[in-house]
Amino acid sequence: MNNSNDTHFGDRHLLPRRAFIGKFATLSAGLLLPGCQTMETTGKPFRIDVHHHFMSPAYTAALKQYSIRPVSWTVEGTLAEMDKSGIATALISLPPPGITFGDVPFGRKIARDANETAARLVADHKGRFGSFAALPYADVEGSLAEIAYAFDTLKAQGIGLMTSYGGKLLGDPSFWPILEELNRRKAVVYTHPTTPACCAKVTPFTSINTVEGPVDTTRTMASVMFLGAAARYPDIRWIFSHSGGVMPFLLSRFQRHEAEAKDSKEKMPNGLMHELRKFYYDTAQGNHPGALAALMKIAPVSQVLYGTDYPFLDGAAETAGLAAYGFSGSELQSINRDNALRLLPRLAA
């Protein structure tokens, strides 16, 4: 594949052990980012975390009602973690399964409670939080109403979606009225994998998210591109979790589909790689050398965002993985902060 990133990044992910230790120690001392705003040089948190979960009271109760164990979360705990990991601002969103309860009035109620809870956190802790508002996505009418309320009244930074709802992926044409409105608003749409309806018991010997989480991210990316939504709604700014799931490793298969499908030119007139390079990718749990090396062959650094997956993981592992990969100081600054500010400029205020 002809990609300028190949030459730019080379094989820097293949660091010997001594180089790994040296680079990590140097970054920890704050020496790789001269002149940049970093906690190491200013004593203040500076990172922007786009993959950071929270819980609302009604969502917690709903999960218990449906026999799903809720995530343990407190605002005090999340602020302590942010300070420890040098995170200035966290973009908060619900963890899986999202608003997928099948009861339309109930789903609308849970989404509204989550979004109002997030708005209060943003207001009560100035500068520390932004929000990706939840939608009852399978409910088109309810989603359109919640988009208007989330943006116009609550001033949410973007929308947070799961990768599938009721067996349908995000690019399914039945959801296009929602995507049309999000495109009109030039919305940022953050996505997070959830347990797909097809595959909850495929790997009973491990957590469903060990395999199916990143695979569902890849499925929904394929739906957005191959069904035509990416080209049809080009002003949506998509964020995909975990360094794009397994998409970078399946690139040749995606390219083969593009070459063989009769409707590729209709669905993706600008081509597969154009769409992949437009997407944004957070690096939560995709911060190891293999994932980063594969992603950097596809997307420029400008499309990569810092994410922790808190409270499932904290920022220490994320920061260490990015430091060890061999990004330059300016590239780390872009990933840690500047790319998010460009995507979400209201955070600067």
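Because only heavy atoms are used, hydrogens play no part in the values below, and waters and symmetry mates are left out as well, while side chains stay in.
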Polar side-chain atom of Asn287 near backbone of Leu322 as donor-acceptor pair, under 3.5 Å: no
Geometric cation-pi criterion, Arg112 with Tyr149: 6.0 Å, 45°: yes
Under 3.5 Å: donor-acceptor pair, side chain of Lys155, backbone of Asp152: yes
Salt bridge Lys109-Asp103, side-chain N to carboxylate O under 4.0 Å: no
Sidechain-backbone polar pair: Asp314 side chain, Ser85 backbone, donor-acceptor under 3.5 Å: no
Met162 side chain reached by Tyr137 side chain, heavy atoms, under 4.5 Å: no
Distance flag, aromatic centroids of Tyr280 and Tyr190, threshold under 6.0 Å: no
Straight-line distance of Tyr66 OH to Phe106 CZ, nearest 0.5 Å: 5.5 Å
Gap separating the NE2 atom of His51 from the CD1 atom of Ile92, nearest 0.5 angstrom: 13.5 Å
Geometric class of the Phe327/Tyr325 ring pair [parallel <30°, tilted 30-60°, perpendicular >60°]: tilted
Donor on one side chain, acceptor on other, Thr217 and His242, under 3.5 Å: no
Side-chain donor/acceptor of Arg346 to backbone N/O of Ala156, under 3.5 Å: yes
Sequence-distant partners of Thr220, side chain to side chain donor-acceptor pair (under 3.5 Å), two or more places apart: none
Residue pair Thr210 / Phe205, side-chain heavy-atom distance below 4.5 Å: no
Aromatic plane relationship, Phe54 with Trp73 - under 30° parallel, 30 to 60° tilted, over 60° perpendicular: perpendicular
Backbone of Gly315 reached by a side-chain donor or acceptor of Thr308 within 3.5 Å: no
Straight-line distance of Ile335 CD1 to Glu331 CD, nearest 0.5 Å: 7.0 Å
Exam field: side chain Arg128 to backbone Ala90, donor-acceptor pair closer than 3.5 Å: no
CE-NE2 distance between Met225 and His257, expressed to the nearest 0.5 angstrom: 9.0 Å
Salt bridge Lys201-Glu212, side-chain N to carboxylate O under 4.0 Å: no
Modelled atom types, side-chain donor and acceptor of Thr194 and Tyr165, under 3.5 Å: no
Whether Phe240 and Tyr281 hold their rings parallel, tilted or perpendicular, with breakpoints at 30° and 60°: tilted
Arg256 CZ: over 12 foreign heavy atoms closer than 6.0 Å: no
Distance in Å, Leu182 CG paired with Phe175 CZ, rounded so as to fall on 0.5 Å steps: 12.5 Å
Check: Pro248 main-chain N/O paired with Lys297 side-chain donor or acceptor under 3.5 Å: no
Pairwise distance CG(Asp235) to CZ(Arg185) - rounded to 0.5 angstrom: 13.5 Å
Side-chain heavy-atom pair His53, Val71 within 4.5 angstrom cut-off: no
